[in-house]
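Have a look at the structure below before the remarks.
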Amino acid sequence: MILFGFPHCGDVAKSYLAWSHGLPAHIKFQCVELIHAGLSMREVYSARWEQALEEACAFIKQHLELGEEYVLIGHCWGSLLAFEVSHRLKEEGLAEPRHLFLSGCGAPHLLRPRAEAGGPLGRAAELGCQPAEEYRTPLNREPLRARFSIFTGNKDEHALADQLAEWSRYTSKICDVHVCEGDHAFWRSDSAKWLQLTQTIVEREYLI
């Protein structure tokens with residue numbers, strides 16, 4: 001099995017370092033490489049976003065062996081990109097990922113500018129972690145058959161813990177929510193918990 005980690009709004013190399021060093025040898029990890037890694041939620045309807053979708057799909061197909069199972073991992077806009085890549089790969093006839101580990105991102109139908117939702121723009125908006133307009137998911141799109149594990153920080157105003165169960169409408173499998181210590185950048189201080197939970201789930205569900 002191979003785990004693909006998507007870029008996000010922080011330091012990708014450092015934030016995923018624990019993944020590659022902490023996972024057992026029989027689980028491969030690959031950081032998805034994009035030409036424009038410094039995207040943001042503000043660009044979800046731009047040509048750069050579409051290019052990132054195409055590049056990520058091509059990257060995954062290039063690194064997957066025939067019949068190999070895979071998992072996608074994302075934080076912030078990387079979570080949304082991983083989610084959309086899953087649907088794009090499904091449309092292209094590739095087997096869906098077994099699991100999506102999504103962090104720091106609200107369910108697609110809840111993604112909207114913070115000011116529109118009645119709150120201050122805040123630090124997340126400054127970093128490009130808030131969309132410029134309400135996110136619109138395609139109509140009549142079937143749920144994925146991948147299991148979802150959703151992560152957030154208990155002080156993350158961008159991905160409120162009490163709303164993350166809304167991700168369950170996008171999968172026909174289990175959707176579980178995990179709350180870590182910290183704000184939107186909780187993965188910096190609590191990455192060990194994220195890694196441990198992900199590793200446990202992957203080994204228990206797919207490798208035994």
Side-chain angles (χ1 to χ4, degrees), residues 2-16 29-64 70-97 100-117 119 121-144 146 148 150-152 156-159 164 166-167 169-171 184-185 187:
I2 182 167
L3 279 60
F4 290 99
F6 281 70
H8 52 74
C9 57
D11 188 326
V12 177
K14 289 184 179 179
S15 67
Y16 281 135
F29 176 80
Q30 183 69 52
C31 189
V32 175
E33 298 176 3
L34 304 175
I35 294 177
H36 300 293
L39 288 172
S40 74
M41 283 285 194
R42 299 190 184 117
E43 299 176 270
V44 293
Y45 294 114
S46 69
R48 281 178 31 133
W49 184 265
E50 177 60 29
Q51 181 181 355
L53 272 172
E54 295 177 357
E55 290 176 3
C57 288
F59 185 92
I60 290 172
K61 288 187 288 187
Q62 177 184 354
H63 286 81
L64 275 179
Y70 65 106
V71 165
L72 304 185
I73 304 165
H75 176 72
C76 190
W77 63 264
S79 292
L80 186 61
L81 185 62
F83 171 72
E84 292 297 345
V85 163
S86 299
H87 278 285
R88 182 69 61 88
L89 291 173
K90 178 181 178 181
E91 293 169 2
E92 295 177 359
L94 193 72
E96 294 181 35
L100 269 64
F101 292 91
L102 308 177
S103 161
C105 182
H109 65 282
L110 297 179
L111 292 177
R112 56 179 61 91
R114 179 60 55 87
E116 179 183 321
L121 290 175
R123 179 64 172 164
E126 295 174 8
L127 294 173
C129 299
Q130 294 285 353
E133 56 185 289
E134 184 174 355
Y135 189 73
R136 299 181 298 275
T137 55
L139 297 175
N140 302 319
R141 189 162 68 175
E142 293 184 357
L144 293 169
F148 286 13
I150 313 299
F151 292 81
T152 189
D156 189 349
E157 296 181 356
H158 179 56
L164 294 187
E166 289 292 314
W167 271 104
R169 68 172 64 187
Y170 297 97
T171 175
H184 191 61
W187 42 265

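One-based numbering along the sequence shown. Keep in mind it's a predicted model, so treat the numbers as computed, not measured.
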_Which label fits F4 and F59: parallel for a plane angle under 30°, tilted from 30 to 60°, or perpendicular past 60°?_
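Because their plane-to-plane angle is over 60°, the rings of F4 and F59 count as perpendicular.
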
Would you name the heavy atoms of [X] and [Y] that are closest together and state the gap between them?
X    : Y    : value
H75  : S103 : ND1-OG, 2.7 Å
L144 : S86  : CD1-CB, 3.7 Å
L164 : C105 : CD2-O, 3.8 Å
L100 : F83  : CD2-CA, 3.9 Å
A56  : F6   : CB-CE2, 3.8 Å

*asked:* Is the shortest side-chain heavy-atom distance between P97 and V71 below 4.5 Å?
replied: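 They are not in contact (no side-chain heavy atoms under 4.5 Å apart), so the answer is no.
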
*asked:* Any non-hydrogen side-chain atom of L81 less than 4.5 Å from a side-chain atom of V32?
replied: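 Result no, sub-4.5 Å side-chain heavy-atom pair not found.
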
*Who are the side-chain contact (heavy atoms from CB on, under 4.5 Å) partners of E166, not counting sequence neighbours?*
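For E166, the residues satisfying side-chain contact (heavy atoms from CB on, under 4.5 Å) (neighbours in sequence not counted) are A107, H109, L110, R169.
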
*asked:* Can you confirm whether more than 12 heavy atoms, excluding those of E92, are under 6.0 Å from its CD atom?
replied: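 Enclosed.
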
*I would like to know whether L94 and L64 meet side-chain contact (heavy atoms from CB on, under 4.5 Å); could you show each step before the answer?*
CA-CA 10 Å; L94 193 72; L64 275 179; 4.1 Å; yes

_Aromatic contact between Y170 and F148, with the criterion being ring centroids under 6.0 Å apart: yes or no?_
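Ring centroids of Y170 and F148 are no less than 6.0 Å from each other.
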
Give, for atom [atom1] of [X] and atom [atom2] of [Y], the distance between the pair rounded to the nearest 0.5 Å.
X   : Y    : atom1 : atom2 : answer
Y70 : E96  : OH    : CD    : 7.5 Å
L80 : L102 : CG    : CG    : 9.0 Å
F29 : I2   : CZ    : CD1   : 9.0 Å

*Kindly state each residue pair satisfying salt bridge (Lys or Arg N to Asp or Glu O under 4.0 Å) with at least one member in residues 71-86, sequence neighbours excluded.*
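Every pair satisfying salt bridge (Lys or Arg N to Asp or Glu O under 4.0 Å) with a residue in residues 71-86: E84-R141.
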
*Cationic N near anionic O, under 4.0 Å, E55 to R48*: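 So E55 does not pair with R48 through a salt bridge.
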
